[in-house]
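Structure record follows, encoded as structure tokens.
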Amino acid sequence: MASEQRRLLRVLDGESLTPPPVWLMRQAGRYLPEYRETRARAGSFLDLCYNPDLAVEVTLQPIRRFGFDASILFSDILVIPDALDRDLTFVQGEGPQLRPIAPEEVSRLDPSRAETHLAPVIETVRRLRAELPDETTLIGFCGAPWTVATYMIAGHGTPDQAPARLFGYRHPEAMEQLLTLLAEMSADYLIRQLHAGADCVQIFDSWAGVLDEASFAAYAVKPVRRIVDKVRAAVPGAKIIGFPKGAGALLAGYRAATGVDAVGLDWSVPLSFAAELQAQGAVQGNLDPLRLIAGGRALEEGVERILATLGHGPLVFNLGHGITPDAPIAHVEALLRQIRG
Ligand code: CP3
């Protein structure tokens with residue numbers, strides 16, 4: 001099959017498909033017993049990310065079980081700071097921890113190790129394209145510079161990324177330098193994923209929603225534009241999904257300002273506004289992940305509303321954020337039955 005025929009890619013090109021292609025953010029994860037089993041065999045979460053045999057295995061698990069239209073590379077956005085020697089660890093139940101970066105350290109960051117460090121992830125992409133069903137779109141990804149920077153600055157997750165916002169106000173030059181470095185590295189990383197067989201890529205800006213208007217332009221839009229331009233210069237026509245979670249009204253200009261083909265929508269985006277965004281091109285989302293946990297009417301109504309409002313235009317059905325470990329497998333099956341009829 002020519003790659004352009006893969007359903008998700010057709011939607012990114014602006015086609016409307018019934019039923020819409022569907023995949024779920026974090027579809028390889030702890031809600032699956034087979035993931036938990038492989039994860040235990042790998043040792044740590046990072047060992048899993050850097051082991052192509054096991055990373056291919058967990059990427060394929062949700063495809064075998066559910067037959068999603070797209071498969072997302074199994075890795076993490078924080079492999080970039082890991083390649084910068086920021087002492088990344090994942091503490092069970094607590095999320096990521098890194099050595100927090102100080103403003104004066106930014107100019108000493110050395111990206112030269114990244115190519116070697118990330119080689120196992122690129123190998124995973126190569127094997128995945130060979131092993132996936134022909135009709136399944138393979139999505140590569142990276143974190144947006146702002147979201148990656150928030151973890152590098154605080155050294156762990158926070159509820160509102162106050163340390164990174166303060167860093168930006170107090171040290172604008174160091175922030176600009178950090179985001180530019182991350183944008184350059186992320187673009188190189190995405191280019192390698194595309195060359196290795198990824199059909200398209202997604203840029204996760206999970207913390208875009210904490211920025212004020214001016215900071216959003218400087219920290220969320222500008223570095224993503226830099227990635228998009230660099231990727232397209234190396235891979236003409238590369239298809240890119242941007243997901244600025246929590247961006248609210250600032251979503252209106254995001255596609256045009258960054259150059260992404262499709263915008264990912266979190267569940268707080270009103271469907272009437274989503275329909276306006278869809279008039280400009282493909283959208284992806286935006287079911288509340290908690291509807292998937294609740295199941296029953298809550299799930300059916302959520303799916304119904306999205307399909308009624310966005311189902312006739314270019315739509316990639318997805319959640320508004322990642323699937324959580326407590327999502328019942330039977331509810332994922334019910335979701336797919338409802339979408340696919
Ligand atoms: O299936 C997929 O979607 C592909 C794999 C993927 C993971 N992380 C695996 C993962 C992707 C695309 C990500 C992106 C990611 N990682 C983001 C952006 C998307 C989002 O969720 O907002 C962010 C912010 C991270 C950083 C990160 N990684 C955090 C904050 C955590 C801890 C939270 C948690 O759920 O435990 C992780 C760990 C992580 N990344 C897990 C998985 C499957 C759980 C780790 C485990 O198995 O113990």
Side-chain angles (χ1 to χ4, degrees), residues 22-51 54-63 65-66 68 70-82 86 88-98 121 124-125 128 136-152 154-159 161 164 182 186 189-190 193 198 200-210 241-247 264-267 284-285 289 316 318-327 332:
V22 53
W23 68 283
L24 304 181
M25 289 188 276
R26 288 274 178 98
Q27 64 191 16
R30 285 165 293 185
Y31 73 108
L32 292 177
E34 59 269 34
Y35 171 84
R36 296 195 298 270
E37 193 272 317
T38 313
R39 162 97 161 65
R41 260 201 292 150
S44 76
F45 170 69
L46 272 182
D47 290 335
L48 179 53
C49 293
Y50 295 129
N51 180 325
L54 299 183
V56 166
E57 169 57 23
V58 293
T59 308
L60 295 177
Q61 284 168 352
I63 305 304
R65 195 187 259 274
F66 304 113
F68 290 121
S71 178
I72 184 159
L73 161 69
F74 189 85
S75 180
D76 198 84
I77 63 166
L78 299 178
V79 296
I80 293 280
D82 196 38
R86 302 310 299 170
L88 175 66
T89 53
F90 281 86
V91 183
Q92 194 97 51
E94 282 179 49
Q97 306 217 330
L98 307 85
V121 183
T124 301
V125 175
L128 278 171
T136 311
T137 303
L138 176 57
I139 306 172
F141 75 92
C142 70
W146 162 250
T147 287
V148 173
T150 63
Y151 290 96
M152 291 180 74
H156 51 84
T158 72
Q161 302 300 5
L182 292 173
S186 303
Y189 180 46
L190 293 182
Q193 293 180 34
C200 62
V201 292
Q202 174 157 328
I203 302 173
F204 286 89
D205 214 347
S206 307
W207 289 98
V210 300
I241 305 167
F243 178 42
K245 182 171 180 289
L265 310 177
D266 65 81
W267 68 89
Q284 172 175 283
V316 177
N318 206 319
L319 302 176
H321 198 199
I323 187 169
T324 49
D326 46 354
V332 177

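Just so you know, ligand 1 is whichever comes first in the structure, and atom 1 is the first atom listed for that ligand. Given the structure is predicted, the values throughout are model-derived calculations rather than measurements.
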If the contact criterion is a heavy-atom separation under 4.0 Å, does [X] count as touching ligand 1?
X: H321; answer: yes
X: P96; answer: yes
X: L73; answer: yes

Check your understanding: Relative to the heavy atoms of A28, which atoms of ligand 1 are at a distance of less than 4.0 Å?
Key -> 1 (O), 43 (C)
Revision key, fill the gap. If we number the atoms of ligand 1 from 1 as shown, the ones under 4.0 Å from a heavy atom of S206 are 18 (C), 19 (C), 20 (C), 22 (O), 24 (C)
Residue selection (non-hydrogen contact nearest [atom]) among [options]:
atom: atom 36 (O) of ligand 1; options: Q61, E94, R30, K245; result: R30
atom: atom 24 (C) of ligand 1; options: Y151, F45, Y31, F204; result: Y151
atom: atom 14 (C) of ligand 1; options: I77, L88, T324; result: I77
atom: atom 28 (N) of ligand 1; options: D76, I203, T147; result: D76

For the backbone of [Y] and the side chain of [X], can you confirm whether one donor and one acceptor N or O come within less than 3.5 Å of each other?
X: R36; Y: R30; answer: yes
X: N51; Y: L54; answer: yes
X: D266; Y: G246; answer: yes
X: T147; Y: G143; answer: no
X: T38; Y: V58; answer: no

Nearest to [atom], what protein heavy atom do you find, and at what distance?
atom: atom 43 (C) of ligand 1; value: Y35 OH, 3.5 Å
atom: atom 3 (O) of ligand 1; value: R26 N, 2.6 Å
atom: atom 38 (C) of ligand 1; value: F90 CE2, 3.5 Å
atom: atom 46 (C) of ligand 1; value: R39 NE, 3.1 Å
atom: atom 5 (C) of ligand 1; value: S75 O, 3.6 Å
atom: atom 11 (C) of ligand 1; value: F141 CZ, 3.7 Å

Check your understanding: Atom OG1 of T59 and atom CG of L128: how far apart are they, to the nearest 0.5 Å?
Key -> 4.5 Å
Exercise for review: May I ask you to check whether W23 and Q284 show a side-chain donor-acceptor distance below 3.5 Å?
Suggested key: yes
Point to revise | Donor on one side chain, acceptor on other, Q27 and Q61, under 3.5 Å | key: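 No - no donor-acceptor pair under 3.5 Å links their side chains.
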Exercise for review: Of all the heavy-atom pairs spanning C142 and L190, show the shortest one and how long it is.
Suggested key: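 Shortest heavy-atom contact: SG-CD1, 3.6 Å.
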Check your understanding: When only distance counts, is Q27 in polar contact with ligand 1, meaning an N/O pair under 3.5 Å?
Key ->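 Such a contact does occur with ligand 1.
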**Study point:** N or O contact, Q92 vs ligand 1, cut-off under 3.5 Å
**Key:**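 It does not: no N or O of Q92 is found under 3.5 Å from an N or O of ligand 1.
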Review point. Just heavy atoms, cut-off under 4.0 Å: does W207 contact ligand 1 by side chain, backbone, both, or neither?
Key: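 Neither; no heavy atom under 4.0 Å.
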Practice item. Look at the aromatic rings of F243 and H321 and report parallel, tilted or perpendicular, splitting at 30° and 60°. Key: tilted
**Study point:** Validation row: L48, Y35 side chains within 4.5 angstrom (heavy atoms)
**Key:**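 With C-beta onward as the side chain, the pair touches.
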